[in-house]
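Heads up: the structure comes next, in structure tokens.
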Amino acid sequence: MHLKHIDTCYCYLLQSEITFKLNGSGCTINTKYNLNMQVTRDAVDLSKFPADRIRNFCIIAHIDHGKSTLADRLLEMTGAIAKTEKNKQVLDKLQVERERGITVKAQTASLFYNHEGQQYLLNLIDTPGHVDFSYEVSRSISACQGVLLIVDANQGIQAQTVANFYLAFEAQLAIIPVINKIDLKNADPERVESQIEKVFDIPREECIRISAKLGTNVENVLQAVVDRIPPPEASIDDPFKALVFDSNFDHYRGVVANIAVFGGRVKKGDRIVSAYLGKTYEVNELGLLRPDEHSTGKLFAGQVGYIVAGMKDVKEAQIGDTLYLQEQPVEALPGFKPAKAMVFAGMYPMDQSEYQGLRSAIEKLTLNDSSVTVQRDSSLALGAGWRLGFLGLLHMEVFNQRLEQEYNASVIVTAPTVPYKAVLSSAKLIKEHGSKEITIVNPAQFPDRTVVSEYLEPMVLGTILAPDSYTGKIMSLCLNRRAVQKNMLYIDDQRVMMKYLFPLNEVVVDFYDLLKSLSSGYASFDYENAGYQAADLIKMDILLNGRPVEELITIVHRDRAYSSGKAMCERLKDSIPRQMFEIAVQAAIGSKVIARETIKAYKKNVLAKCYGGDITRKMKLLKKQAEGKKKMRLIGSVEVPKDAFINVLKRKQK
Amino acid sequence: MMSLRAARRALSPGVRRFSDTSGGEIVEDVSERTGCAQLTTQASLYVHWPYCLRRCSYCNFNKYISRDNNDHMMTECLQKETETLLQLSQVSCVTSVFFGGGTPSLAHPSTVAAVLETVSGQASLSEKAEVTLEVNPTPVGMSKLEDFCRAGVNRFSIGVQSLQDDDLKILGRDHSSRQALQTIEEARRLCPGRVSVDVMFGRPKQSVESWENELSKLLRVCDDHMSLYQLTLERGTQLFKQVQGGEVTVPAEDVTAEMYQCARRTLHQHGFLQYEVSNFAKHQKAVSHHNMSYWKGRQYIGVGPGAHGRFVLPGEGGVAREARTQTLEPDVWMREVQQRGHGTRRRIQLNHLELLEEVLVMGMRMTEGINHKHWELFSPQLSLREVFGRSTDVQELLQSGRLILDDRGLRCSWDGLALLDSMLPALLVELERQISQRLQRDHHTDGQTKKTSNPR
């Protein structure tokens, strides 16, 4: 969808130069970059790095502002990887990450850096670049004391820059603003500096101007990391205490957990306990990520690394969990709120015979992405499938793309829906559900108004940044989407930042595409969840000659009922073939029809010439129709091809 | 009038296996008299002349604009293939011959004579057997009609298409409406009562009114047979591209449906009986017997480039009917005929179900539909009622009044005929279900039972 502007030539280069292997459980990269020989594999003595010689930081940026390129340079300059032309987005291991130029899965790399005669251990925790993955960002942030906030010298502050800034700001991290791509012809670092000053209240003098691509001034970034980011507050004398901030699943070793050691030390053979489950494990392997695993046998306070401890299931390595030594229990760290699914979509195999294959593909993918919720579902039209919950639209797209690319599965994805809620008024129903408030994921289970005191819909706070010449158009688009303006700020003399409170439902389908097209691509958009609000929701039925079609029941806001009802009727009209009788395609609220399309009856349908030479061709066509007829779903006496449902339910192709 | 053909045939009566009266006579309803045995001993013959002078804008048929004249070789090859296929089919009687194309009226009348002579040499061909030639109503075509008659043609099918000269231009025809009228007149003079006129409706810019006017004009000059075809836009034709590109518009479906119904009414009022979707005749004798045999599911042999056939090959030990297609490209086809006696490119054996499917699809095009006897000929074990009587889909069609299943058989109503292609899938689904159930039952109850008759 919207994140396709990537440097294609980079990608081609990558794929031709580096082979990478995806082994069923996540991704190990098979690159052959040379490890820095100054610090040999066995010679790493991590005890030499007390907390004050450690810096934990991450890089945050709007998409395409050069986060991964800077990471490549940092890795090269500190000798983690050889300096070659081939290092393009080394930390982005997934095919989808490289294709889209986005980072989906956080990666970690430990760097050794000499500064004023001292060797420092810098832990770079790469973060996903989109707010859909902000749970990943906040996980990464929780293991850090500082961030590099990258802004493109040409494009200036964008929506995700703002969103990411606030995540870091709220976590009270040291923020180092880095203005990238100063080598570009239209670079205007001064303007960007004043934007940063205005929007983030960071003095312009603190900005570092670099070109990650050329390596210009990147050394200054490393110095700033040491100078401006505080070391982790962790003492080697405390009992061992570590935060699990990420986990992967490896087919052979089980769970590989990424941890940040907040106190004490841990070594191979130690018996550790998961505070969440209370289960005990023995440490089999641990070490640094540089960025591939580099076993060290020990980890000390303030350090970041990986640990393998015989956990068989990703659920055992709960993100946000605290690990401690069996004999020295500690108070658990605050942890994280579990990521919450905000966008739901049905996924069905193209053909029911592919069900098993798709199931195993989904299982494998969710092993490494615990934020996806999976629920079995079935549709009369599409057969058996699943209702999957995602953190956001991009998350859904990435998941879908990975399914197709990494598992070669072809899927029908239905139009995304959001989780509505209903506050029940009937005591009986409250008792039945065990709570007053219920979440409605499947529209068919929408409770009737008579038993509900109010319906709630999820809201998001959207940030839009765009040149001010588009303000008018953007405002009317937002108004159309039931959005309420919260704030508007000129970040410089040409660019405006607007904040709107949106119903999530209004942005999940095509909002971003419209925004992009009406602003000639200049507007950027990001959003964060903003709780629930009461909404006038109604259930809309789609009727074929008066008979409701179960799979097309939709929950809509009353104000949007007509337009979405009409759109559905039109799409259905275009995908149901004409029949011998007239077909009324209607959208209805209760018994009231709000939109109608008519599929006219055939008046004449017979081949004009059918002689000896025409039979073969005619029979072929008729047999095909007869076969198709067997697969039709019958609504009353209306024959509906499966495609028709797919056309109505699936997301529009862009 | 003694035709050349009759004279020739009189000279070689010994070749014929049946007497003229029993085999090839034009009978009013052959099906009742044609028993199971005749299904494989008789066949009609289609002969394809692939050349045209120019390409009509709507035509996607197998035709070639020939630059060099190889009529002679073409004639020899048509004869050769006729001979080979008749031998393979072992039919004793050819019930009708149809020269189609392309533009068969471009062929020399001697070609027609030669092919007919070959036929007579291989099987009995009654002098009364219907021999039709498709005619392009050009002055040249008209001037040859008499010679064609002498060669043995006794029925003309004239491709008038339209009486509007502007339309004829759009359609890419090489004649004027005046020439068409003259040709009709000449044909009627030569073969009174045996002339058919082809007209097309749903043409670009045509209105219901202009169509009605054209029809009444035609009714004044035509003979006893008319074929009315709705213009079908075929992929790959010039007209298709023009319509796609918006240069030309054709009437909407509602309008063509109206044209069809109005033509049916008008012809009915003028004493024409509709006997098939697009075919009308003043009386039983005027129907195209050759075409009837397609719709009645009889055997036919196709000769010439791209011709199709349906027949059993006892000569090769076959028992099941084959669907055969000849090589499309005339030069390649001729080479094949010269090398191995025929240019059959594709042979597909039709199984019992496939045969019944064709019988159903073709039979339902006739206004009389498929009567019980006709069906029984092909399906002695499962009657029409057994196949279609139980289906709810079919019941709905019967209730809607578009389909009729009664003591006579299965057929479309007046309204139903215009919607036949919407009904056929349901009928085919039911046929397949019943046949496969029957096969399973047969398997279960008596594995030994052999079908006593295997109609083909």
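By convention in this document, chain letters (A, B, ...) are assigned in the order of the sequence lines, proteins followed by strands, and residues within each chain are numbered from 1. The shown structure was predicted, so the numbers you read here are calculated from the model rather than taken from an experiment.
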Smallest separation among heavy atoms of [X] and [Y], with atom names:
X: A/Leu622; Y: B/Pro425; answer: CD2-CD, 4.2 Å
X: A/Ala608; Y: B/Ser278; answer: O-OG, 2.6 Å
X: A/Ala626; Y: B/Leu428; answer: CB-CB, 4.2 Å
X: B/His308; Y: A/Gly612; answer: CB-O, 3.7 Å
X: B/Thr256; Y: A/Lys604; answer: O-CD, 4.3 Å

Part of [X] lying under 4.5 Å from any heavy atom of chain A:
X: B/Leu397; answer: side chain
X: B/Glu258; answer: neither
X: B/Asn279; answer: side chain
X: B/Tyr46; answer: neither
X: B/Thr232; answer: side chain
X: B/Arg346; answer: side chain

Hey, does [Y] have a side-chain heavy atom less than 4.5 Å from the side chain of [X]?
X: A/Val606; Y: B/Gln230; value: no
X: A/Lys618; Y: B/Glu358; value: no
X: A/Lys623; Y: B/Glu357; value: yes

Residue [X] versus chain B: region with a heavy atom under 4.5 Å:
X: A/Lys609; answer: both
X: A/Gln579; answer: neither
X: A/Met619; answer: side chain

TODO: Apply salt bridge (charged side-chain N to carboxylate O under 4.0 Å, His left out) to A/Lys620 and B/Glu354, showing your working.
DONE: CA-CA 11 Å; A/Lys620 215 171 179 175; B/Glu354 287 165 336; over 6 Å; no

Open item on the list: Assess the residue pair B/Asp254 and A/Lys600 against the criterion (salt bridge (charged side-chain N to carboxylate O under 4.0 Å, His left out)); give the C-alpha distance rounded to whole Å, side-chain angles, the decisive distance to 0.1 Å, and a yes or no.
Closed with: CA-CA 10 Å; B/Asp254 284 8; A/Lys600 283 206 266 176; 3.2 Å; yes

TODO: Name the option with the most non-hydrogen atom pairs under 4.5 Å to chain A; the candidates are B/Val361, B/Asp415, B/Thr325.
DONE: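 Top count of heavy-atom pairs under 4.5 Å with chain A: B/Val361.
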
Task: Gap separating the CG atom of B/Asp421 from the CG atom of A/Leu621, nearest 0.5 angstrom - done: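 Rounded to the nearest 0.5 Å, the CG-CG separation comes out at 8.0 Å.
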
TODO: Measure the spacing between CG of A/Leu634 and CG of B/Asp393 and express it to the nearest 0.5 Å.
DONE: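 Those atoms lie 7.5 Å apart.
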
Just by distance, do the side chain of [X] and the backbone of [Y] share a donor-acceptor pair under 3.5 Å?
X: A/Tyr611; Y: B/Asn291; answer: no
X: B/Ser422; Y: A/Met580; answer: no
X: B/Arg365; Y: A/Leu607; answer: yes

Open item on the list: Apply salt bridge (charged side-chain N to carboxylate O under 4.0 Å, His left out) to residues A/Arg578 and B/Glu253 and explain how you reach the verdict.
Closed with: CA-CA 12 Å; A/Arg578 295 173 71 173; B/Glu253 193 238 46; 3.1 Å; yes

Task: Verdict with reasoning, B/Met362 to A/Cys610, per side-chain contact (heavy atoms from CB on, under 4.5 Å) - done: CA-CA 8 Å; B/Met362 295 306 265; A/Cys610 194; 3.6 Å; yes

Task: Interface residue of largest heavy-atom contact number with chain B, from A/Gln625, A/Lys603, A/Lys630, under 4.5 Å - done: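 Of the candidates given, the most pairs with chain B belong to A/Lys603.
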
For the [atom1] atom on [X], are there more than 12 heavy atoms of other groups (residues, nucleotides or ligands in this structure) within a distance under 6.0 Å?
X: A/Lys473; atom1: NZ; value: no
X: A/Tyr522; atom1: OH; value: no
X: A/Tyr562; atom1: OH; value: no

Task: side-chain contact (heavy atoms from CB on, under 4.5 Å) between B/Glu432 and A/Glu627, intermediate numbers included - done: CA-CA 11 Å; B/Glu432 188 191 343; A/Glu627 280 310 304; 3.8 Å; yes

Task: Check against side-chain contact (heavy atoms from CB on, under 4.5 Å), A/Ile615 and B/Arg310 - done: CA-CA 10 Å; A/Ile615 306 179; B/Arg310 293 282 186 285; 3.7 Å; yes

